[in-house]
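Data block below; observations after.
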Amino acid sequence: MKKLFLFCLTFAAAVFTGCNDDDDPPPFGGYISVDGVQTAANGLYIIYYGGDNTDGYNYLVIPVTGNANPLTQTGTGKLVVLDLYNLSATSPAGAYLYTGNDVVGELSSGSWYGEAQNNNIIDQTGFTTTAPRQASIGFDGENYLIEFDLTAADGRSIYGYYYGPVTEFADYSAPI
């Protein structure tokens with residue numbers, strides 16, 4: 001009887017321990033892959049340009065590697081610039097398809113992949129409407145989950161994800 005009790009206790013502990021991590025978010029970070037070569041993504045920049053409920057609100061959502069900083073245009077690393085319009089003035093969350101049009105719910109023609117080296121963009125290319133061509137952006141109130149799978153204009157496969165907080169947010173919506 002004692003063995004049966006210990007077995008049941010051990011089994012119950014294993015079941016509840018196994019369920020403990022089911023809802024844990026992924027670890028911070030991610031990667032940007034170019035033709036299968038992955039580089040660790042370690043930052044996320046969001047630039048907000050404002051807008052309205054009719055034409056949408058314009059955001060640039062930019063996961064980066066290395067110390068690339070799209071706001072100061074300094075550093076070295078890879079950047080994926082997701083130029084999008086949505087109907088929220090508070091968050092760029094949503095699913096987007098690259099069409100090259102500047103309309104709500106789609107990645108616009110301002111989207112591109114680039115590589116910075118010593119404060120200069122040395123490689124920059126847009127995307128094509130050839131599949132794959134999508135991105136999704138989730139926000140849980142503290143952290144973003146950015147996922148993208150795109151085809152560069154020169155045929156390279158650009159995909160990856162980033163999960164974590166925003167490195168820097170810039171609001172350029174106010175008139176100067």
Side-chain angles (χ1 to χ4, degrees), residues 17-49 57-86 88-98 105-108 110-128 130-172:
T17 301
C19 296
N20 190 28
D21 294 336
D22 290 347
D23 295 329
D24 289 348
F28 283 168
Y31 64 87
I32 294 174
S33 175
V34 179
D35 280 342
V37 178
Q38 293 183 5
T39 306
N42 56 358
L44 176 66
Y45 293 82
I46 297 179
I47 301 171
Y48 175 63
Y49 286 106
Y57 297 90
N58 184 212
Y59 294 89
L60 296 183
V61 176
I62 311 168
V64 302
T65 70
N67 66 349
N69 184 327
L71 298 177
T72 60
Q73 298 181 4
T74 59
T76 297
K78 297 177 182 349
L79 309 94
V80 175
V81 178
L82 304 172
D83 186 359
L84 56 95
Y85 291 83
N86 75 8
S88 172
T90 59
S91 170
Y96 301 91
L97 187 65
Y98 180 80
E106 297 178 1
L107 292 175
S108 79
S111 298
W112 55 274
Y113 160 77
E115 196 165 330
Q117 187 174 46
N118 300 324
N119 307 332
N120 295 305
I121 298 293
I122 60 167
D123 178 14
Q124 180 177 344
T125 184
F127 298 112
T128 70
T130 304
R133 57 188 180 119
Q134 68 265 348
S136 65
I137 301 166
F139 182 60
D140 66 10
E142 292 181 27
N143 297 300
Y144 282 88
L145 175 59
I146 314 297
E147 298 175 289
F148 52 91
D149 191 359
L150 301 157
T151 303
D154 60 10
R156 290 181 288 177
S157 171
I158 312 290
Y159 63 91
Y161 82 96
Y162 172 84
Y163 177 74
V166 172
T167 305
E168 194 167 343
F169 179 89
D171 184 347
Y172 294 153

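Bear in mind the structure is a predicted one, so any value in this text is a computation, not a measurement.
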Interatomic spacing from [atom1] in [X] to [atom2] in [Y] - rounded to 0.5 Å:
{"X": "Phe148", "Y": "Tyr162", "atom1": "CZ", "atom2": "OH", "result": "12.0 Å"}
{"X": "Leu97", "Y": "Ser136", "atom1": "CG", "atom2": "OG", "result": "12.0 Å"}
{"X": "Ile62", "Y": "Ile146", "atom1": "CD1", "atom2": "CD1", "result": "11.0 Å"}
{"X": "Tyr144", "Y": "Ile46", "atom1": "OH", "atom2": "CD1", "result": "4.0 Å"}
{"X": "Leu145", "Y": "Asp140", "atom1": "CG", "atom2": "CG", "result": "9.0 Å"}
{"X": "Tyr113", "Y": "Asp154", "atom1": "OH", "atom2": "CG", "result": "9.5 Å"}

Query raised in the report: Are any side-chain N or O atoms of Asn42 and backbone N or O atoms of Gly66, one a donor and one an acceptor, separated by less than 3.5 Å?
Result: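 Yes: the side chain of Asn42 pairs with the backbone of Gly66.
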Query raised in the report: With distance as the sole test, does Thr151 use its side chain to make a donor-acceptor pair with the main-chain N or O of Pro132 at under 3.5 Å?
Result: yes
Requested in this report: Can you tell me which residue pairs pass the salt bridge (charged side-chain N to carboxylate O under 4.0 Å, His left out) test with a partner in residues 32-41, sequence neighbours excluded?
Outcome: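 Listed by first then second residue: nothing to list.
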Requested in this report: May I have all residue pairs that pass salt bridge (charged side-chain N to carboxylate O under 4.0 Å, His left out) and include part of residues 72-86, sequence neighbours excluded?
Outcome: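 The answer is Lys78-Glu115.
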Query - Aromatic centroids of Tyr31 and Tyr161 separated by under 6.0 Å - result: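 Ring centroids of Tyr161 and Tyr31 are less than 6.0 Å from each other.
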What are the two closest heavy atoms between [X] and [Y], and how far apart are they?
{"X": "Leu150", "Y": "Gln134", "answer": "CD2-N, 3.7 Å"}
{"X": "Ala152", "Y": "Thr128", "answer": "O-CG2, 3.6 Å"}
{"X": "Gly164", "Y": "Phe28", "answer": "CA-CD2, 3.6 Å"}
{"X": "Phe169", "Y": "Val166", "answer": "N-CG1, 3.8 Å"}
{"X": "Ile121", "Y": "Ala116", "answer": "CD1-CB, 4.1 Å"}
{"X": "Pro70", "Y": "Val64", "answer": "CD-CG1, 4.1 Å"}

Query raised in the report: So, Tyr172 and Asn58: side-chain donor and acceptor under 3.5 Å apart, yes or no?
Result: no
Requested in this report: Quick one: list whatever passes side-chain hydrogen bond (donor to acceptor under 3.5 Å, both in side chains) with Ser157, sequence neighbours left out.
Outcome: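 If we apply the side-chain hydrogen bond (donor to acceptor under 3.5 Å, both in side chains) test to Ser157, skipping adjacent residues, there are no hits.
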Query - Residue pair Ile158, Thr125: steps toward the side-chain contact (heavy atoms from CB on, under 4.5 Å) verdict - result: CA-CA 11 Å; Ile158 312 290; Thr125 184; 5.9 Å; no
Report task. Please name all residues satisfying side-chain contact (heavy atoms from CB on, under 4.5 Å) with Asn118, sequence neighbours left out, ordered by chain then number. Result -> Thr76
Report summary line: side-chain contact (heavy atoms from CB on, under 4.5 Å) filter on Thr72, not counting sequence neighbours, yields Asn69, Thr74
Report task. If a pair satisfies side chain to side chain donor-acceptor pair (under 3.5 Å) and one of its residues is in residues 89-98, list it, with sequence neighbours excluded. Result ->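 Non-adjacent pairs meeting side chain to side chain donor-acceptor pair (under 3.5 Å): Asn86-Tyr96, Ser88-Thr90.
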Query - Crowding at CD, Gln73 (>12 non-hydrogen neighbours, <6.0 Å) - result: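 Count not over threshold, so no.
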